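Remember, it's a predicted structure, so these values are computed and weren't measured experimentally.
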Amino acid sequence: MNDGPGIFATPGPPPLAVRIRLESPGDEPGVRHVNLTAFSGPEEADIVDRIRREAPDGWHSLVAVGGVATPYDDIVVGQLLLSPCPVGNDRGTTVASVLAIGPVGVLPEVQFRGVGSALMSAAIGLAVARAVPALVLLGQPEYYPRFGFGPARTVGLLPPADAWPDAAWMARLLPAWTDDMRGTVRYPDAFEPLV
């Protein structure tokens, strides 16, 4: 018995078989193409390129490549960026490091086929395995709660910019979280256009 849509937003085309892996050398053009076609401007693609160049400790780029039995065999069809962000308390002391999710891009022709969900599941698994205390993101409030995300301010994680709307600023606490990790999340410099 199915009680709801689960991780898929709406009924639609069947899921696309993909493999999720860490970005490797040679994936850069495919990743940029995904982000340029998935978003309305170059900002997200530029952020990924800059994070890759600056390589802050703890960053990860996950890619979804089409499965062997698909027309997208070994082609990058989706990408998710994880960026390390210190959390500072009101005394200016760093109390934790969390990972920010985003951008999350999927080629328009394969959207709504489970690629974004597969990337999100892999990101959560990687964060848990690395003992990251929380994941944060600025995103669509109707999409991310299915992955366990809720309002970040209510758990004590403040955004880097006061203007970020409460509904879109979300967090998922992970097993390594403790209540003394509350504070303001500081994004890497690559995200300057957004903060």
Side-chain angles (χ1 to χ4, degrees), residues 7-10 12-85 97-130 132 135-140 143-144 146-147 149 160-161 168 170 172 185-195:
I7 60 171
F8 295 103
T10 58
L16 178 68
V18 293
R19 290 175 286 121
I20 307 296
R21 60 172 171 76
L22 291 172
E23 178 184 309
S24 59
D27 287 334
E28 298 88 349
V31 166
R32 186 160 180 86
H33 176 70
V34 163
N35 285 305
L36 288 174
T37 59
F39 298 101
S40 60
E43 293 82 10
E44 289 82 0
D46 292 346
I47 287 169
V48 174
D49 288 345
R50 186 168 170 192
I51 288 288
R52 188 186 298 117
R53 280 193 313 272
E54 295 173 0
D57 287 342
W59 80 283
H60 304 283
S61 174
L62 299 177
V63 295
V65 295
V68 177
T70 73
Y72 300 94
D73 181 14
D74 212 32
I75 294 172
V76 176
V77 297
Q79 187 262 347
L80 180 152
L81 182 68
L82 290 161
S83 300
C85 300
S97 181
V98 300
L99 285 175
I101 291 180
V104 181
V106 176
L107 287 178
E109 62 266 31
V110 297
Q111 289 179 3
F112 308 107
R113 297 191 60 191
V115 177
S117 295
L119 285 164
M120 285 297 296
S121 296
I124 293 165
L126 184 146
V128 170
R130 305 262 167 125
V132 174
L135 293 166
V136 295
L137 58 84
L138 181 67
Q140 299 172 345
Y143 180 73
Y144 291 100
R146 74 192 71 192
F147 303 105
F149 284 82
M170 291 175 271
R172 175 172 172 167
V185 178
R186 299 287 177 215
Y187 272 54
D189 291 343
F191 288 85
E192 283 170 346
L194 300 177
V195 294

Non-hydrogen side-chain atoms of R50 and F191 separated by less than 4.5 Å: no

Minimum side-chain heavy-atom gap D57-P84 below 4.5 Å: no

Side-chain heavy-atom pair S97, C85 within 4.5 angstrom cut-off: no

Side chain to side chain contact (heavy atoms under 4.5 Å, CB included) between I101 and R172, worked out: CA-CA 11 Å; I101 291 180; R172 175 172 172 167; over 6 Å; no

D27/R21 salt bridge by N-O under 4.0 Å criterion: yes

Side-chain donor or acceptor of R113 paired with backbone N/O of P14 under 3.5 Å: yes

Nearest non-hydrogen partners of L36 and P42, listed with the distance: CD2-CA, 3.9 Å

Pair R146-M120, side chain to side chain contact (heavy atoms under 4.5 Å, CB included): steps then yes or no: CA-CA 10 Å; R146 74 192 71 192; M120 285 297 296; over 6 Å; no

Where at least one partner belongs to residues 65-74, residue pairs that pass side chain to side chain donor-acceptor pair (under 3.5 Å), sequence neighbours excluded: R19-D74

Over all atoms of both residues, closest heavy-atom pair of M170 and G139: CE-O, 3.4 Å

Y144 and F147 aromatic ring geometry - parallel, tilted or perpendicular at 30°/60° bounds: tilted

Nearest-0.5 Å distance, CD of residue E192 to CD of residue E43: 13.5 Å

Heavy-atom pair of closest approach, residues Q79 and V63: CG-CG1, 4.1 Å

Donor-acceptor contact present, side-chain Q111 to main-chain V106, <3.5 Å: yes

Set of residues satisfying side-chain hydrogen bond (donor to acceptor under 3.5 Å, both in side chains) with respect to R32, sequence neighbours excluded: D46, D49

Side chain to side chain contact (heavy atoms under 4.5 Å, CB included) evaluation trace for L22 with L126: CA-CA 10 Å; L22 291 172; L126 184 146; 4.1 Å; yes

Minimal non-hydrogen separation, L80 against L82, with atom names: CD2-CG, 3.6 Å

Within 6.0 angstrom of E54 CD, more than 12 heavy atoms from elsewhere: yes

Smallest separation among heavy atoms of I51 and S83, with atom names: CD1-OG, 3.9 Å

Sub-4.5 Å side-chain heavy-atom contact between L99 and R130: no

Donor-acceptor contact below 3.5 Å, side chain E28 vs main chain G26: yes

Heavy-atom pair with the smallest gap, counting every atom of Y187 and P160: CD1-CG, 3.6 Å

Criterion side-chain contact (heavy atoms from CB on, under 4.5 Å) against H33, the qualifying member of V76, V77, L107: L107

